[in-house]
Protein chains: 2
Amino acid sequence: MATIKDIARITGYSIGTVSRVMNHHQDVSDKARKEIEQVIEEQGYQPNANAKLLKQTHTNSITVFIKSTCNIFLNGMLENIQSMLKQAGEEVKVVFMDENSDEVLAAKRICHDNHPRGLLFLGADLDHFRHEYEEMGVPAVLVAADGNGLHIDSLSSYCTDDDAGARAAAEYLIDHGHRHIGLLGGVDPDVQGQVAYKRYHGLSSCLKEHNLSFVRSRQYIPCEFSLEGGYEAGKNLLHTFPEVTAVFCMSDTVAIGAMRAFSEAGRRIPEDVSVIGFDGIDYSQFTVPRLTTVCQDTETIVRSSVNDLLMRIKTDAPSRHSMVPFHIVEGESVCQLSK
Amino acid sequence: MATIKDIARITGYSIGTVSRVMNHHQDVSDKARKEIEQVIEEQGYQPNANAKLLKQTHTNSITVFIKSTCNIFLNGMLENIQSMLKQAGEEVKVVFMDENSDEVLAAKRICHDNHPRGLLFLGADLDHFRHEYEEMGVPAVLVAADGNGLHIDSLSSYCTDDDAGARAAAEYLIDHGHRHIGLLGGVDPDVQGQVAYKRYHGLSSCLKEHNLSFVRSRQYIPCEFSLEGGYEAGKNLLHTFPEVTAVFCMSDTVAIGAMRAFSEAGRRIPEDVSVIGFDGIDYSQFTVPRLTTVCQDTETIVRSSVNDLLMRIKTDAPSRHSMVPFHIVEGESVCQLSK
DNA sequence: CTGAAAGCGCTTACAG
DNA sequence: CTGAAAGCGCTTACAG
């Protein structure tokens with residue numbers, strides 16, 4: 001465990017000079033640089049990150065927080081973010097956290113300890129932002145979540161219009177002749193501002209506007225955004241709403257679970273029950289039949305988010321909130337009903 | 001950004017006493033403890049982690065490294081590990097890393113900077129261990145990877161016998177009357193010690209022992225362990241080996257991709273092509289048809305790994321390498337051929 | 001039970 | 001271009 005002192009002693013230079021070499025400062029002679037670099041190499045010297053961060057008043061890295069370690073949807077975006085940021089010459093630090101962790105708390109700690117230049121949040125829980133976020137003097141962006149109404153000056157957001165997406169799904173099913181439409185997903189769709197609330201609202205009001213029934217207790221089954229959740233909800237729906245001919249699932253994962261449930265019940269997809277999902281994860285394109293889904297434009301969401309952050313790091317442009325258009329990917333899981 | 005100094009000033013105690021309160025030392029008066037705790041609360045004081053770690057010669061946490069952020073198989077195990085460790089009263093720190101990161105390098109840095117009590121590796125790349133691992137004086141365990149032959153004294157490992165698992169899959173297909181068996185998965189199955197090598201070897205030698213043909217260029221298509229990889233490989237196999245009646249896929253993900261490819265080609269599963277996978281991920285039980293697969297006993301792997309680590313932290317028992325039994329989960333993707 | 005002080009391994013003005 | 005020195009925010013023997 002060599003320290004900077006050891007390197008200084010071995011090379012005969014002072015620790016200040018060693019430090020300058022490590023941090024690629026200009027004002028070091030070529031001779032000193034070469035000698036010191038060689039000894040660092042020989043000794044396999046690694047600077048102590050704690051000491052470094054303790055002294056530095058700011059780092060030049062951007063920190064990305066990503067929640068729910070195994071969310072395919074978020075992970076796909078992370079890769080794009082990393083490559084964009086690196087291409088822009090920014091150093092990136094990724095903090096992975098599980099669903100139960102508090103990303104706002106983590107962000108506060110990191111800002112306090114490491115002073116990053118900017119913050120990106122993937123899979124954010126808006127409740128945490130509402131109750132705990134305080135201005136940290138660092139620009140931040142909510143990626144694929146809606147920060148509008150949070151009234152946090154330093155926070156931008158880019159996301160899909162969940163209400164409009166759910167409406168589009170409903171319209172799509174109605175256009176295909178469906179009149180008995182079920183809805184699956186969301187543990188607590190009455191909490192305003194939640195994704196589930198908006199998708200519930202989008203679908204249900206669209207049905208009503210078309211004078212189609214939407215009896216919540218029969219046509220809607222809440223469930224977690226998981227395979228198992230979708231599976232159980234799908235089974236239940238067949239009992240509460242047996243005349244169903246089409247189902248909108250609030251996520252692709254829910255849709256895949258539900259498809260399994262429908263198959264087991266002997267309903268063919270799409271002939272007996274049509275299914276449409278939301279998100280556009282990879283898996284949705286490998287199911288049999290291939291899933292029709294409301295595909296979020298993650299590429300644009302990511303690009304806008306990163307550009308916004310970089311811009312606000314450099315200038316002090318104001319934050320903004322923007323909805324990014326989605327589109328429907330037509331798979332094989334929705335059929336046209338004869339009218 | 002209050003520091004320990006501020007707390008000391010406000011309470012009128014010294015920073016030493018404040019530090020003792022924060023670290024729950026015994027020798028502090030109740031009065032001091034109460035007063036200091038209250039001010040800490042009021043100020044929302046968070047100790048600077050860098051300063052803390054810089055001073056501490058060791059922490060009492062166990063660090064878990066998990067690679068490939070979105071590997072369903074690994075993520076399932078992580079949850080078990082966390083709950084077991086917490087139940088045992090251990091503090092856990094999880095380091096998530098993407099596929100391209102070097103977990104051994106990260107481990108070295110963390111040992112250097114943070115001095116954990118033990119290390120757990122999920123999704124380890126054995127090459128990194130072979131070439132870079134050096135004794136860090138900390139017990140470590142490879143979870144679900146085979147550390148035998150690495151000759152690292154401080155390293156234990158618990159994993160599935162890949163060779164035997166592949167053999168079991170082959171036997172299962174043969175028992176069901178299949179004679180034309182294909183194999184999918186593994187980018188470079190010639191590298192000894194790799195998972196792909198062992199699964200390749202297990203299947204191919206089992207077929208030969210049964211006097212069944214295994215012509216590599218026809219019956220084997222290498223591919224990445226991904227949906228897309230499995231899909232492309234599945235398509236190719238139908239060209240190189242059209243008489244195929246059953247396929248062993250080196251992972252469930254590959255199997256799901258391949259099933260899609262077979263469906264698109266008009267081959268019914270299992271009537272025309274039977275499919276068996278490996279791992280036993282959640283998704284495999286939600287496909288239509290449900291996947292038959294060689295299921296790794298992740299619960300036992302995790303339990304053994306954690307117990308081993310805890311034991312070696314407390315005593316200096318020797319490390320060990322052990323294979324954990326697997327079992328075949330019968331789904332609906334393999335059919336019995338009439339003999 | 002408490003305080004004063006040394007020191008963890010770095011970085012960074014400040015001189016020269 | 002280089003060195004000596006202060007100091008980041010903590011912890012921990014050492015006295016008392």
Side-chain angles (χ1 to χ4, degrees), chain A residues 1-40 43-61 91 108-117, chain B residues 1-40 43-61 91 108-117:
Chain A
M1 309 273 204
T3 71
I4 196 171
K5 264 189 195 163
D6 298 316
I7 306 300
R9 185 171 40 72
I10 296 171
T11 59
Y13 286 94
S14 72
I15 58 171
T17 303
V18 175
S19 174
R20 282 175 208 115
V21 169
M22 289 194 313
N23 294 294
H24 305 101
H25 285 201
Q26 292 310 308
D27 42 0
V28 180
S29 67
D30 273 0
K31 180 163 167 290
R33 182 180 305 283
K34 289 247 173 62
E35 290 175 20
I36 290 171
E37 275 173 350
Q38 191 182 342
V39 173
I40 287 176
Q43 300 288 316
Y45 166 63
Q46 297 276 14
N48 182 307
N50 301 127
K52 189 169 177 143
L53 288 167
L54 178 55
K55 262 312 274 186
Q56 283 176 333
T57 55
H58 68 282
T59 59
N60 48 20
S61 68
E91 203 172 295
K108 280 186 196 168
R109 292 198 59 88
I110 295 231
C111 284
H112 179 224
D113 291 355
N114 297 3
H115 310 287
R117 304 179 69 191
Chain B
M1 311 270 203
T3 69
I4 196 171
K5 265 190 195 161
D6 299 316
I7 305 301
R9 186 172 39 72
I10 296 170
T11 58
Y13 287 94
S14 71
I15 59 171
T17 303
V18 175
S19 172
R20 282 176 209 113
V21 168
M22 291 195 309
N23 294 293
H24 305 101
H25 285 202
Q26 293 308 311
D27 43 359
V28 180
S29 67
D30 274 0
K31 177 162 170 289
R33 183 180 306 282
K34 291 247 173 63
E35 291 176 22
I36 291 172
E37 275 173 350
Q38 190 182 342
V39 173
I40 287 177
Q43 299 288 316
Y45 166 63
Q46 298 276 14
N48 182 307
N50 301 129
K52 188 169 179 143
L53 288 168
L54 179 55
K55 263 311 276 188
Q56 284 176 332
T57 54
H58 68 281
T59 59
N60 48 20
S61 68
E91 202 172 294
K108 281 187 196 169
R109 292 197 60 88
I110 295 229
C111 285
H112 179 225
D113 291 355
N114 298 4
H115 309 287
R117 303 179 70 192

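Below, read A as the first sequence line, B as the second, and so on, with proteins coming before strands; counting in each chain starts at 1.
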Notebook entry, point to check: Can you check whether D113(B) reaches L53(B) side chain to side chain, under 4.5 Å on heavy atoms?
Noted result: no
Next item on the list: Return the residues of residues 13-23 of chain A meeting this criterion: a heavy atom under 4.0 Å from some atom of DNA chain D. Order them by number, or give none.
Entry: Y13(A), S14(A), T17(A), R20(A)
Item checked: Residues that E91(A) engages under side-chain contact (heavy atoms from CB on, under 4.5 Å), provided they are two or more places apart -> N60(A), S61(A)
Next item on the list: Give the rounded distance in Å between these two atoms: CD of Q26(B) and C1' of dC1(C).
Entry: 12 Å
Notebook entry, point to check: What's the CD1-P distance between I7(B) and dC10(D), to the nearest Å?
Noted result: 9 Å
Margin query: My understanding is that only residues two or more places apart in sequence, or in another chain, count here; which of them pass side-chain contact (heavy atoms from CB on, under 4.5 Å) with R33(B)?
Written below: V21(B), V28(B), E37(B)
Note to self: Under the salt bridge (Lys or Arg N to Asp or Glu O under 4.0 Å) definition, can you give me all pairs with a residue in residues 19-30 of chain A, not counting sequence neighbours?
What the structure shows: none
Margin query: Over all strands shown, is N48(A) touching base, sugar-phosphate only, or nothing at heavy-atom distances under 4.0 angstrom?
Written below: sugar-phosphate
Item checked: Distance in angstrom units between D30(B) CG and dT2(C) P, rounded -> 10 Å
Check: What is the distance from NZ of K55(B) to C1' of dC8(C), rounded to the nearest Å?
Finding: 5 Å
Check: Of all the nucleotides listed (dT2(D), dC10(C), dT12(C)), which has the minimum atom distance to the side chain of H25(A)?
Finding: dT12(C)
Next item on the list: Starting from P on dC8(C), measure out to NE2 on H115(B) and report it in whole angstrom.
Entry: 12 Å
Note to self: Please compare N50(B) and S29(A) by the position of their nearest nucleotide in DNA chain D and report the one closer to 5'.
What the structure shows: S29(A)
Check: What residues, two or more places apart in sequence or in another chain, satisfy side-chain hydrogen bond (donor to acceptor under 3.5 Å, both in side chains) together with Q38(A)?
Finding: E42(A)
Check: Under 4.0 Å between a side-chain N/O of K52(A) and OP1 or OP2 of dG9(C), yes or no?
Finding: no
Item checked: Contacts of type salt bridge (Lys or Arg N to Asp or Glu O under 4.0 Å), residue K108(B), not counting sequence neighbours -> E134(B)
Check: Between dC10(D), dC10(C), dT2(D), which one does the side chain of D27(A) approach most closely?
Finding: dT2(D)
Margin query: Let me spell it out: for each of H112(B) and R33(B), pick the nucleotide of DNA chain C with the closest heavy atom. Which residue's pick is nearer the 5' end?
Written below: R33(B)
Note to self: Restricting to side-chain contact (heavy atoms from CB on, under 4.5 Å), what partner residues turn up for S14(B), sequence neighbours left out?
What the structure shows: T17(B)
Item checked: Non-hydrogen side-chain atoms of Y13(A) and I36(A) separated by less than 4.5 Å -> yes
Notebook entry, point to check: Over how many whole Å does the gap from E35(A) atom CD to dC1(D) atom P extend?
Noted result: 15 Å
Margin query: Measuring to OP1 and OP2 of dG9(C), would you say a side-chain N or O of Y45(A) lies under 4.0 angstrom away?
Written below: no
Notebook entry, point to check: With sequence neighbours excluded, what pairs up with I15(B) under the side-chain contact (heavy atoms from CB on, under 4.5 Å) test?
Noted result: I4(B), K5(B), A8(B)
Check: In whole angstrom, what separates L53(B)'s CG from dT12(D)'s P?
Finding: 11 Å
Next item on the list: Begin with the C-alpha distance, continue with both residues' side-chain angles, and end with the deciding distance and a verdict on side-chain contact (heavy atoms from CB on, under 4.5 Å) for I40(A) and M22(A).
Entry: CA-CA 9 Å; I40(A) 287 176; M22(A) 289 194 313; 3.8 Å; yes
Item checked: Residue met sooner reading DNA chain C from 5', once K31(B) and A51(B) are mapped to nucleotides -> K31(B)
Margin query: For a stem of at least 3 consecutive Watson-Crick or G-U pairs with distances under 3.5 Å, i pairing with j, i+1 with j-1 and so on, which stems involve DNA chain C?
Written below: C:1-3 with D:14-16, C:5-12 with D:5-12, C:14-16 with D:1-3
Checklist line | Whole angstrom value for the distance that separates C1' of dC10(D) from CD of Q46(B) | finding: 14 Å
